[in-house]
There are 2 protein chains.
Amino acid sequence: MAGFKGRADYAVDSKGRVAIPVKMRNALNPEAKNTFTITRGFEKCVFLYPLDRWEKMEEEIGSLNMYNRESRDFVRTILMWADEVKLDGQGRISLTKELMEFADLDDRALIIGALDHIEIWDPDTFDRYLNAQSDDYETLAERVLGV
Amino acid sequence: MAGFKGRADYAVDSKGRVAIPVKMRNALNPEAKNTFTITRGFEKCVFLYPLDRWEKMEEEIGSLNMYNRESRDFVRTILMWADEVKLDGQGRISLTKELMEFADLDDRALIIGALDHIEIWDPDTFDRYLNAQSDDYETLAERVLGV
DNA sequence: AGGCGTAGTGGGGATTTGTGGGGAACTCTC
DNA sequence: GAGAGTTCCCCACAAATCCCCACTACGCCT
């Protein structure tokens with residue numbers, strides 16, 4: 001039930017497979033059935049939602065009114081990139097070509113725990129992302145947490 | 001029970017047949033019996049409702065106020081073009097000429113999962129549609145998923 | 001220190017999927 | 001009723017996908 005945390009620098013093999021760290025696999029809710037929904041994330045990374053968490057999201061999406069143009073745009077955009085993936089016998093998932101292209105992934109990937117989901121980054125992209133952050137850790141924390 | 005998601009760029013063969021991606025076929029409720037109701041969609045695409053879902057749609061339509069002119073227009077349009085199609089042995093459906101013409105389809109089709117229904121787009125039409133969207137992915141997602 | 005188990009990595013083979021086409025059955029027209 | 005045109009069903013094939021097995025490195029336990 002604990003959230004995902006930690007980070008790992010793993011290989012992406014020629015078939016587009018990435019291992020998920022054991023710590024995160026153990027943090028999986030049994031009802032997630034080793035299944036994730038993988039989709040585009042923010043800032044050029046890939047999001048991985050465990051099944052149980054994704055179902056809540058689908059409920060939210062499903063409750064939108066489809067006769068509203070903006071809702072349709074949103075539903076299409078979100079779902080278009082989503083895909084259901086299962087851990088294989090070795091605890092890996094396989095990325096689609098589209099998502100690898102989107103996140104600029106080649107043969108290395110950074111797996112990052114983010115509480116209710118897992119993020120997959122290209123290491124270089126992540127570096128640039130960190131450097132682009134104007135504020136340091138302390139300042140950020142103060143802005144977000146410090147009332 | 002999971003909704004339709006994902007996207008695929010598939011061929012439309014000379015007989016007007018399009019394959020439905022396995023992932024979406026697997027998401028089908030057994031009581032849909034591999035049958036869809038196909039009809040005109042919004043924004044020049046074709047909608048594909050699984051049988052079980054379409055029945056709810058009919059209820060919704062039936063509950064509309066028929067003394068309202070716009071309701072009548074809507075109901076006529078959606079029903080006039082509606083047709084029942086079944087997956088063939090290869091998991092394909094065949095499009096009618098009228099719907100292909102309406103959606104500007106020729107030899108390629110974009111199949112997009114949209115939770116309770118499937119959409120079929122002409123690739124160029126879809127490109128134009130995406131470009132016309134005002135908000136980017138992050139903004140859209142934040143609006144609904146961002147608590 | 002040695003062995004055992006687990007985690008990350010790689011690859012081969014079987015199966016499935018997307019695609020095209022042929023032929024039977026059915027319909028519509030003349 | 002014959003012929004042309006459709007529609008439907010089945011077969012075939014190449015490519016992509018999935019599943020399983022094998023290897024190595026590291027840590028833990030005895």
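Just so you know, these numbers come straight off a predicted model, no measurement behind them. Scope of the values below: all heavy atoms of this structure, side chains included, with no hydrogens, waters or symmetry mates. Residue numbers start from 1 in every chain, and the chains themselves are labelled A, B, ... in the order their sequence lines are given, proteins ahead of strands.
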Separation of C/dG18 C1' from B/Met24 CE (nearest whole Å): 14 Å
Nucleotide nearest A/Arg92 (side chain, heavy atoms from C-beta), chosen from D/dC21, C/dG18, C/dG22: D/dC21
Nucleotide of C/dA7, C/dG10, D/dC18 approaching A/Gln90 most closely (side-chain heavy atoms): C/dG10
Sugar-phosphate, base or nothing in reach of A/Asp88, heavy atoms under 4.0 Å: nothing
Closest to the B/Val22 side chain, choosing from C/dG18, D/dT7, C/dG11: C/dG18
Separation of A/Ile93 CD1 from A/Thr35 OG1 (nearest 0.5 Å): 11.5 Å
Rounded distance in Å - CD1 (B/Ile93) to P (D/dC8): 12 Å
Interatomic distance where CG belongs to A/Asn34 and P belongs to D/dC19 [whole Å]: 12 Å
Residue A/Ser94, side-chain heavy atoms: nucleotide from D/dC8, D/dC18, C/dT17 that is nearest: D/dC18
Main-chain N/O of A/Ser94 paired with A/Arg17 side-chain donor or acceptor, under 3.5 Å: no
Whole-Å distance separating the CG atom of B/Asp107 from the P atom of C/dT19: 11 Å
Sequence neighbours excluded, every pair satisfying salt bridge (Lys or Arg N to Asp or Glu O under 4.0 Å) that has a member inside residues 22-45 of chain A: none
Nearest-Å distance for atom pair CZ/P, residues B/Arg17 and D/dT6: 15 Å
Separation of B/Asp127 CG from B/Trp121 CH2 (nearest 0.5 Å): 10.5 Å
Closest listed nucleotide, where the reference is the side chain of B/Asp13 and the choices are D/dT7, C/dG10, C/dG20: C/dG20
5' priority, DNA chain C, between B/Pro21 and B/Lys15 [closest heavy atom]: B/Pro21
